Amino acid sequence: MSSANKNRAGSRSLLVAGAGIPGLSLALALKQANGPALEVTICDPGLSAGAARHRGRAFAVAAGPRRMFERLGLWERIAPAAEPIRDMVITDSRLADPVRPTFLTFAQRSAEDESRGEPFAHMVEAEAFVDVLLRAGAETGIGFEATGITTALPERDRIRATLGDGRDLAASLLVAADGGRSRLREAAGISWVGWSYPQSGIVATIAHERDHEGRAYEHFLPSGPFAILPLPDRDGRHRSSIVWTERQADVPALLGGSADETLAAIERRFGLSLGHIELEDGPSAHPLSFGIARRFCGDRLALLGDAAHVIHPVAGQGLNLGLSDAAALAEAITEALRLGTDPGAPEVLRAYERARRFDTVAMAAATDGLNRLFSNDALPVRLARDFGLGLVDRLPGLKRFFIGEASAIRGAQPRLLRGDAL
Ligand SMILES: Cc1cc2nc3c(=O)[nH]c(=O)nc-3n(C[C@H](O)[C@H](O)[C@H](O)COP(=O)(O)OP(=O)(O)OC[C@H]3O[C@@H](n4cnc5c(N)ncnc54)[C@H](O)[C@@H]3O)c2cc1C
């Protein structure tokens, strides 16, 4: 058996299964803070495809996680692929309605009161984002293995993992960042409370005639939300990303026709405010589900990102939860290493779970509730939600609360999310 820490007597080691954005961010934060005192290896069969497998995806990254990347010295490299959301307009209507009345606006002026002049989120293109993280990982001395972890066996003072190519690696702690269907979570016997939504999330990149001026739109339509999110211009073209929630049963009819028919279906929802539109990338449809692990840790095992929780994309918060996990776990592990204690010890993992549990359950419940409230055309429900949104728009205190939640900067946050060093 080889060991991830075999070369350096006294050093500790960490194995991360999953090179998604949360797994990579955790590894980078830990390697930067601890240098040779911690050896970090990331395993993922998808690494052989590099960042290209993320082409066409973009994520809203909230202010808190953005501060973490600033602190890690990476934001400057990510920024060319990022567009600040300066303004957000929320409407509630039926597809056939000629006008979509605005119920709620989050202008940047309000966000400034709340978060030191920062936009509450940036849209970041995933391919460039992951490319920066992979390069920074190689520069920092993280080990990469382009293979999955198939089994993991905890022992007294380490955990032994078997890779897809048959090799064994040992580490003080294994982090399962292997996505919503986490094989490592299941193998550890950690149960999962969850369900599938009868909806799919359709994502695409749209080029449009007019400048979006940093404005995002969320149109709540009866089958689910349709979000238009600003991207940076490329090759002189104005661009936005769409996240379009539809009933799963309707997706084949909506996307199965010719390119012109698909574009026409998008156009009906997108509206005319940005002028003529063209499809630049996609569309691709993703079945939507909800799930939360009963525990975020096991024996020398920590769950991170979607392996711990999967939420509806209505508020663009799934990745942000995973990045908050990375900040909290990096803090717990670094504290243990500074005290000279074992980073895989139960008390370290419990500290991580305590830091993340409440925030995660609250966000999961809020996004589930929001989706149920808005993916509904019954008249009493429409009236109730329209009254609710109008109320929020008129009460600055309530609005600030919502913006604080969307920025992931409220309450007792991990140091990195506040922009502080580990
Ligand atoms: C339509 C849609 C839109 C979204 N928009 C947003 C948004 O705007 N903002 C936001 O915050 N969130 C958003 N999300 C949520 C976001 O996509 C996820 O929360 C995030 O991608 C989860 O990252 P992850 O790395 O935890 O999991 P994944 O992205 O699933 O990555 C898991 C990784 O683990 C690897 N892996 C799997 N098995 C193994 C194994 N056995 N060993 C090693 N590696 C393994 C896989 O190859 C993969 O690279 C959206 C989701 C959807 C569906």
Side-chain angles (χ1 to χ4, degrees), residues 15-27 41-51 53-54 56-62 64-66 85 121-126 129-130 133-134 144-152 161-165 169 174-187 197 199-204 216 218 224-227 229-231 241-246 282-291 293 303-326 360 363-364 367 406-408:
L15 258 181
V16 181
I21 296 169
L24 285 166
S25 305
L26 171 77
T41 307
I42 304 186
C43 303
D44 190 326
L47 279 168
S48 51
R53 69 188 171 121
H54 300 274
R57 296 295 304 274
F59 297 112
V61 174
R66 185 187 49 72
I85 300 181
H122 282 72
M123 282 305 292
V124 184
E125 295 188 89
F129 194 176
V130 171
L133 301 184
L134 287 173
F144 288 101
E145 299 283 353
T147 178
I149 294 184
T150 53
T151 54
T162 304
L163 308 191
D165 58 13
L169 284 182
L174 171 63
V175 176
D178 52 343
R181 294 189 181 164
S182 171
R183 175 177 187 158
L184 295 172
R185 178 189 71 223
E186 222 177 280
Y197 291 110
Q199 295 172 316
S200 286
I202 301 166
V203 294
E218 184 127 29
F226 184 95
L229 303 150
L231 292 179
S241 169
I242 58 166
V243 181
W244 168 17
T245 304
E246 268 299 337
S284 60
H286 308 261
L288 300 181
S289 62
F290 173 99
L303 306 184
L304 186 92
D306 277 20
H309 41 71
V310 173
I311 63 171
H312 195 285
V314 57
Q317 291 296 329
L319 175 66
N320 287 302
L321 280 183
L323 292 172
S324 301
D325 296 345
T360 306
M363 181 60 81
T367 50
S407 318

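Indexing begins at 1, ligand by ligand and atom by atom, following the structure's order. Quantities reported herein were computed from a predicted structural model and do not represent experimental measurements.
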* Partner residues of D306 under the side chain to side chain contact (heavy atoms under 4.5 Å, CB included) criterion, sequence neighbours left out -> V310

* Structure fact -> Taking every heavy atom of G23 against every heavy atom of I42, the minimum-distance pair comes out as O-CD1, 4.3 Å

* Please check if the side chain of S241 supplies one atom and the backbone of L229 the other of a donor-acceptor pair under 3.5 Å. => no

* So, does T147 use its side chain to make a donor-acceptor pair with the main chain of G164 at under 3.5 Å? -> yes

* Shortest non-hydrogen contact from R66 toward V61 -> N-CG1, 4.1 Å

* Show your reasoning for whether ring pair (Phe, Tyr, Trp, His ring centres under 6.0 Å) applies to Y197 and H312. => CA-CA 9 Å; Y197 291 110; H312 195 285; 5.0 Å; yes

Do any nitrogen or oxygen atoms of ligand 1 lie under 3.5 Å from a protein nitrogen or oxygen, and which ones?
{"unit_1": "ligand 1", "atom_1": "8 (O)", "unit_2": "A60", "atom_2": "N", "d": "2.9"}
{"unit_1": "ligand 1", "atom_1": "9 (N)", "unit_2": "A60", "atom_2": "O", "d": "3.3"}
{"unit_1": "ligand 1", "atom_1": "9 (N)", "unit_2": "G316", "atom_2": "O", "d": "3.0"}
{"unit_1": "ligand 1", "atom_1": "11 (O)", "unit_2": "G316", "atom_2": "O", "d": "3.2"}
{"unit_1": "ligand 1", "atom_1": "11 (O)", "unit_2": "G318", "atom_2": "N", "d": "3.4"}
{"unit_1": "ligand 1", "atom_1": "11 (O)", "unit_2": "L319", "atom_2": "N", "d": "2.8"}
{"unit_1": "ligand 1", "atom_1": "11 (O)", "unit_2": "N320", "atom_2": "N", "d": "3.0"}
{"unit_1": "ligand 1", "atom_1": "11 (O)", "unit_2": "N320", "atom_2": "ND2", "d": "3.2"}
{"unit_1": "ligand 1", "atom_1": "12 (N)", "unit_2": "G318", "atom_2": "N", "d": "3.3"}
{"unit_1": "ligand 1", "atom_1": "12 (N)", "unit_2": "L319", "atom_2": "N", "d": "2.9"}
{"unit_1": "ligand 1", "atom_1": "19 (O)", "unit_2": "D306", "atom_2": "OD1", "d": "2.7"}
{"unit_1": "ligand 1", "atom_1": "19 (O)", "unit_2": "L319", "atom_2": "N", "d": "3.2"}
{"unit_1": "ligand 1", "atom_1": "26 (O)", "unit_2": "D306", "atom_2": "N", "d": "2.9"}
{"unit_1": "ligand 1", "atom_1": "41 (N)", "unit_2": "I149", "atom_2": "O", "d": "3.0"}
{"unit_1": "ligand 1", "atom_1": "42 (N)", "unit_2": "I149", "atom_2": "N", "d": "3.0"}
{"unit_1": "ligand 1", "atom_1": "44 (N)", "unit_2": "G18", "atom_2": "N", "d": "3.4"}
{"unit_1": "ligand 1", "atom_1": "44 (N)", "unit_2": "C43", "atom_2": "O", "d": "3.4"}
{"unit_1": "ligand 1", "atom_1": "47 (O)", "unit_2": "D44", "atom_2": "OD1", "d": "2.8"}
{"unit_1": "ligand 1", "atom_1": "47 (O)", "unit_2": "D44", "atom_2": "OD2", "d": "3.4"}
{"unit_1": "ligand 1", "atom_1": "47 (O)", "unit_2": "R53", "atom_2": "NH1", "d": "3.4"}
{"unit_1": "ligand 1", "atom_1": "49 (O)", "unit_2": "D44", "atom_2": "OD2", "d": "2.6"}
{"unit_1": "ligand 1", "atom_1": "49 (O)", "unit_2": "R53", "atom_2": "NH1", "d": "3.0"}
{"unit_1": "ligand 1", "atom_1": "49 (O)", "unit_2": "R53", "atom_2": "NH2", "d": "2.9"}

